[in-house]
Number of protein chains: 2
Amino acid sequence: MLKKQLIMEKALELFSEQGFEATSVQQITDRCGISKGAFYLSFKTKDELVISMVDYYLQQFIIDVDQVVRGTYNKETVLVEFYKSIFQAFKDHSASARVFFNEKVFLTKKELFHKITAYEAEMSKSILYMLEQLYQDQLQETKYDVMYCIKGFMKSYAELFIFSDMPLDLEQLAKSLAEKTDIIAHHTTIPFITADLVPFIAKPCEQDVSKDAVLQLLEQNINHAEDSIEKESIELLKQEIENPTYGKAIIKGLIENLRLDPAYHWIAYVTAKYFNI
Amino acid sequence: MLKKQLIMEKALELFSEQGFEATSVQQITDRCGISKGAFYLSFKTKDELVISMVDYYLQQFIIDVDQVVRGTYNKETVLVEFYKSIFQAFKDHSASARVFFNEKVFLTKKELFHKITAYEAEMSKSILYMLEQLYQDQLQETKYDVMYCIKGFMKSYAELFIFSDMPLDLEQLAKSLAEKTDIIAHHTTIPFITADLVPFIAKPCEQDVSKDAVLQLLEQNINHAEDSIEKESIELLKQEIENPTYGKAIIKGLIENLRLDPAYHWIAYVTAKYFNI
DNA sequence: TATACTAATGACTAATCGGTCATTTGTCAA
DNA sequence: TTGACAAATGACCGATTAGTCATTAGTATA
C-alpha cells in the first residue's frame, strides 16, 4: 500500500512535468528507485495507475471542499472559508491541480473523463448546497449561474497558483472572490442556466448514490481495514444498508469513526450521502 | 498550401479525439488519404505541425475578438457583442477550442506553452482595452480583477459548448454574462490583482511588438504573396519600418490592404500594433 | 542450516513510434 | 513517344514503448 503511494506521488511529479503519454513506466520506476517489475506488482497497467491517481487526488479535494461548506455555520465567513480552502489546496497540490484540472490529459480516455466529470459534479453539488444555505429563496432563478461564476473564478485565479510560485495573500484573494460572489448573487437578474436547461447539463454521472455502489465500496475496503473499530464500523454499516435497524445517531457515529482516518474519508463521505446525513 | 490545411484539419480532429501524444503521424495521413512521406513534404516534424496549428487556429480567435472590441463603438452593446463573438467561435470551432484552450496538451513543450501563453496575453490586452473604453477611470483599482472574472466566465461557460452539442441561445448567454461583467465592474471594492502584482503575472512574452519580429514576419510572407497589391503593401511596410517616411494615413491604408485577405489578417494585426494604429 | 515463501528484478518481446529514402507515379514540354 | 522533373509512395530503420516472466534476493519458520 505504501509502494502504491510512492508510485502515485512520483508519477504525479513526472506527469506534471511532461504529461501522461510522454511519461514512460521506466521513468516512473527510475524515480521511485524500484524495478519495472515492481511497478506491475502494484498496478496491473499504466492506465490503472492513472485511474487510481484520479481517485486518490480528487477525492481529497472534494472532501476538503465539502467539509468547509457543511462545517462552517457562520454565514458571514463561509464564502471566504470556501475560497481559502480551494486555493490552499491549489497551493499545496499545484502539481495534481495542474494535471487533473487544468490539463485534461485524460479527456480522451472515456472512462477517466467520466470519472473526472463525476468528481466535478460532486463539487458542483457542494457549491450549490452552500449557495442554498447562504441565500435560500433569494436565488431561485440564478443559482446555477452563480455556481458557474464561482467555478469560473476558481479556474481563472487558479492560474496564479499553478503557473507561478510567487507568494500570494490567500486571505485577500478569498475576501476578494467572496465579495465578487456575493455581488453576483445579489445583483444578477438575467439568468442563462435555467432550471429546464439543467437536466441537459447534468453530466452522465450517478445523480444519487446507489445502494449497490455503496455496498461494493464497503465490501472492497472491509479487508484493507486493520483497526478493528473501523472494520467493525464498515461491517455494521454494510448490514445497516442491507437491513435497516439503527437510528440516525448510531449510523452517523459509525460514519464518524471512519472519517477519523484519512484512508476512509471517501467511504465516510459516500456513505453519509447514502444515508442523507 | 492546401495540403497543409488538409493535414491541419484532420490532425485537429484526431487531436481532439485522442490527444496529441496519442495520435500518430500514420493515423493523420490515413485520415487525409495520403502517404506518410507526403506528410513530411508539408511539415518537417510532427512538432512543426503542432506549432503551425497553434498559429493557424489561435490567431483567428485573437483577431476576431480584437475586431469586435475595437470595432464596436456602442458602449451599450460592446460587452454583449464581445461575448457573442467569443462563444460563436467556441461553437464553430469546438474541436480547436477543446484542444488549445481546455486541454493544455502542450503544457510540457516549453516553446508551445509560451506560444499559447503569448496568445492568451494578446486576448487579455484586448479585454483590458475594452474595459478601459467602457469604464475609463472608474476602474483604476479593479480592472485586472474584472479581466480575470471575464476570463473565468469564458472558461466556465465554454464547457457548455465544448462538451455537448445542445442548442444554446447565444444572445441570451451574451446578455447574461454582459450583465454579470457590468455588475462586477460597478460593485467590486476589494481588488486582488493590484497594479504592483501585475508585472509578476505578466507572462514571459513580448510586451511590445519588437521591430525585428515584425520585419521577420513581413519577410517570411513577402514571397507567399501572389496578389501584387498585397506584395507591394508588405514591401512598403517593410521599408517604412526600416526607414520611416510616410504618415499614419498611408501606413493605415497599407495595413488595411492586407486586412482584406484572411491570409494576412495576422500580419495586419501585428503591424498595426507596431505602428500603434 | 535447511526449507518455503514472497518480493523484487531486469533482460526480453512484440508492437509502435517518428522519421528517411530509394523507388514509383504523374505531368509536363519537346 | 520520349525524357526530365516534381510529387507521392511505403518499406524500412533505429529508438522507445507497455507489459512479461524466468530468475534472484530477502525473510521468516522449523
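Each chain gets a letter, A, B and so on, in the order the sequences are listed, and its residues count up from 1.
- Residue K46(B) is classed as a sugar-phosphate contact, given heavy-atom separations below 4.0 Å to backbone atoms only.
- For dA7(C), neither phosphate oxygen OP1 nor OP2 lies less than 4.0 angstrom from any side-chain nitrogen or oxygen of K3(A).
- Distance I34(B) CD1 to dA6(D) P: 20 Å, rounded to the nearest Å.
- Whole-Å rounding puts the I28(B) CD1 to dG19(C) P distance at 11 Å.
- Regarding D47(B), its CG atom lies at a distance of 10 Å from the P atom of dG18(C), rounded to whole Å.
- Nearest-nucleotide positions on DNA chain D for T23(A) and G37(A) put T23(A) closer to the 5' end.
- Whole-Å rounding puts the F43(B) CZ to dT20(C) P distance at 15 Å.
- Rounded to whole Å, the distance from NZ on K44(B) to C1' on dT20(C) is 15 Å.
- Salt bridge E122(B)/K273(B): present, at least one basic N to carboxylate O contact under 4.0 Å.
- Residues K151(B) and S124(B) share a closest heavy-atom pair of NZ-OG, 3.0 Å.
- Closest approach of Y148(A) to E159(B), counting heavy atoms only: OH-OE1, 4.0 Å.
- Regarding I7(A), its CD1 atom lies at a distance of 10 Å from the P atom of dA8(C), rounded to whole Å.
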Trace of the side chain to side chain donor-acceptor pair (under 3.5 Å) decision for Q59(A) with Y119(A): CA-CA 8 Å; Q59(A) 280 174 12; Y119(A) 281 119; 3.0 Å; yes

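- Between S35(B) and dG10(D), a side-chain N or O to OP1/OP2 separation shorter than 4.0 Å is absent.
- Within 4.0 Å (heavy atoms only), L41(A) reaches at least one base atom of the nucleic acid.
- Residue-level contact check: T29(A) touches neither bases nor backbone, having no heavy atom under 4.0 Å from any strand.
- Ring pair F87(B)/Y157(B) is perpendicular by interplanar angle, where above 60° counts as perpendicular and below 30° as parallel.
- The interatomic distance linking Y40(A) (OH) with dA22(D) (C1') rounds to 18 Å, in whole Å.
- Distances shorter than 4.0 Å separate none of the side-chain N or O atoms of K36(A) from OP1 or OP2 on dC21(D).
- Rounded to whole Å, atom C1' of dG10(C) lies 16 Å from atom CZ of F39(A).
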